[in-house]
Amino acid sequence: MMPDAAPPRPSFIPPSVVSCKKPRNSQMSGNLFSLVRARIPSPGKTLIETPAGERITYGDMLARTARLANALVRLGVVPGDRVAVQVEKSPDNLMLFLAVARAGAVYLPLNTAYTVPELDYFIGDAEPRLVVCDPAKRENLAPVAAAHGATLETLDAKGGGSLMALAAQATTSFTDVVREPTDLAAILYTSGTTGRSKGAMLTHRNLVSNADTLVKYWRFTKDDVLLHALPIYHTHGLFTAALVLMLAGGSMLWMQKFDADQVVAALPRVTTMMGVPTFYVRLLTHPKFDKKLTAHMRLFTSGSAPLLAETHEAFRERTGHAILERYGMTETGMNTSNPYDGDRVPGTVGFPLPEIEVRVADAETGQPVPQGEIGVLEVKGPNVFAGYWRMPEKTAAEFRPDGFFITGDVGKIDLAGYVHIVGRAKDLIITGGFNVYPKEVESEIDVLPGVVESAVIGCPHADFGEGVTAVVVKAPDATVTESEILSALDGRLAKFKLPKRVLFVDELPRNTMGKVQKNVLREQNKDLYAS
Ligand code: AMP
């Protein structure tokens, strides 16, 4: 077991971490819960409502999180300890996140899809004091938790489980642990498509500063009701959605997962919705989703994956609303956003948020490129994480000497100041020595008749290093062929950008956040040019 002391510092400490002042008393605690508490409009105000009719007020939240925090302390959790949580989404799951903050511990949410061998890696790496899992997984996880010296408790989606039984015996008063703004509040493992998954260390200040910026930028108030259908093991659902709403003193209509019928039925009761692009694509196929249903809505936001300009336009045509697209990542929270007032430009992710600097640099030299040119996006601000857990070299490698974090996203800032994302640096294709940005080729393919969407990848090629390869989803009944696509592209793109092959699939592989898993496509087609 790790001692309870603060986690090891990365050898490079991002400037946002060193510049924070020490809190002098509990009123000034940097604990994110202090701000959540300070923003409570009234104890009787609804925090969460579920379609099944469950209602949790802010007063209930205080009581429930106090019970849970007391239970954590009884289980031996002390400030700085990690609490790893792999449970189904539920209001109690959110209460557990807040309780961990109250106890001064570090919340470590884990995707519900992770298997036991994957959990073994995370638990071994993070060395949590406590692991909380669904009762159905207890038997399989018990040896893993024991091997790494962690206590194992359970929580189910209906508010049952051994942790809840302990909490039920505890009192509703708890003195929140004072934390400094630079103390860790959470570790979120990145999805990591190659190599080891990395634990992004997020401080109280990272989370609070970003959520508070979003409250103001997106004009959230206590009168807002947010439709919450995102998972909460991910930064989008937990920090961008739930924490923002709590700092606004608003309410959430809480859905365990996205279901188009359920969302359509709930829309009349909410004012705002945050989603991944897939949510909006699915809503557009729903016959009841129209202008009348959404007339009262104040805001729809999208992120975690690119929103096709075509989806943005179709949504505006159907509802009159321009989806506000924004860009962020686990390591940084939100970096940019289209404006609340002003043009929300399809295919862009808007402007850097207040106090956050975004620049575009040459990937090799780190030198800023002229405005309008493509390079790697780099970010600096109070939102930027404190480094990767126990990976000081990896952390140092991903920061520039002046403190900018190298996001790994490739993009540009246009002359009007809007940020565009062109893809991930690792998805860049190098063919015959030339760089090909997949998005440029995908955009040309996506507008062809009979094409729904495409993903362009590089596959190993003996002559070219990588061969540009298009994986295309056809519209139902479309008859478009490989040679038709290739001849349509000829003359529209430089020869070296033209796909060598066009493959057809029924659908693109996506993760739960709607991101296309290009690594899966690359693996499936690694021998395409072998002969
Ligand atoms: P995650 O850490 O799982 O939140 O993934 C972050 C990554 O998602 C970013 O580095 C981007 O590659 C991608 N991403 C997030 N928002 C957008 C967006 N609006 N458009 C394009 N890519 C996005």
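Remember, it's 1-based here, ligands and their atoms both numbered in the order they're listed.
- For Arg282 and Phe258, the positive end is not near the middle of the six-membered ring at less than 6.0 Å and at most 45° from its axis.
- Proximity of Arg424 to Asp409: side-chain heavy atoms (C-beta onward) are separated by under 4.5 Å at one or more points.
- Using a 3.5 Å distance cut-off with no hydrogens or angles, the side chains of Asn111 and His234 do not pair a donor with an acceptor.
- For the atom pair CG (Leu324) and CH2 (Trp218), the distance works out to 6.5 Å, reported to the nearest 0.5 Å.
- Residue contact annotation: Thr407 has no non-hydrogen atom under 4.0 Å from ligand 1.
- Distances below 4.0 Å separate heavy atoms of Arg326 from the following atoms of ligand 1: 16 (N), 18 (C), 19 (N).
- Heavy-atom separations between Thr190 and ligand 1 are all 4.0 Å or longer.
- Atoms of ligand 1 found under 4.0 Å from any heavy atom of Glu325 (numbered from 1 in listed order, with element): 18 (C), 19 (N), 20 (N).
- Defined by atom type and a distance below 3.5 Å, a donor-acceptor pair is missing between the side-chain atoms of Asp343 and Tyr418.
- The parts of Thr330 lying near ligand 1 are both backbone and side chain, judged by heavy-atom distances below 4.0 Å.
- Heavy atoms of Lys515 approach ligand 1 to within less than 4.0 angstrom.
- With a heavy-atom cut-off of 4.0 Å, Ala305 touches ligand 1 through its backbone alone.
- Taking a 6.0 Å sphere around CD of Glu313, one finds it holds more than 12 heavy atoms contributed by other residues, nucleotides or ligands.
- Both the sub-6.0 Å distance and the 45° axial angle are not jointly satisfied by Arg298 relative to the ring of Phe300.
- Residue contact check for ligand 1: Met513 places no non-hydrogen atom closer than 4.0 Å to it.
- Counting atoms of ligand 1 from 1 in the listed order, those under 4.0 Å from a heavy atom of His234 are 1 (P), 3 (O), 4 (O).
- The part of Arg424 lying near ligand 1 is the side chain, judged by heavy-atom distances below 4.0 Å.
- Near Pro306, meaning under 4.0 Å from one of its heavy atoms, ligand 1 places the atoms 20 (N), 21 (C), 22 (N).
- Every atom of ligand 1 with a heavy atom of Ser304 under 4.0 Å away is listed here by number and element: 8 (O), 13 (C), 14 (N), 15 (C), 16 (N), 17 (C).
- Between the Asn206 side chain and the Pro382 main chain, a donor and an acceptor come within less than 3.5 Å of each other.
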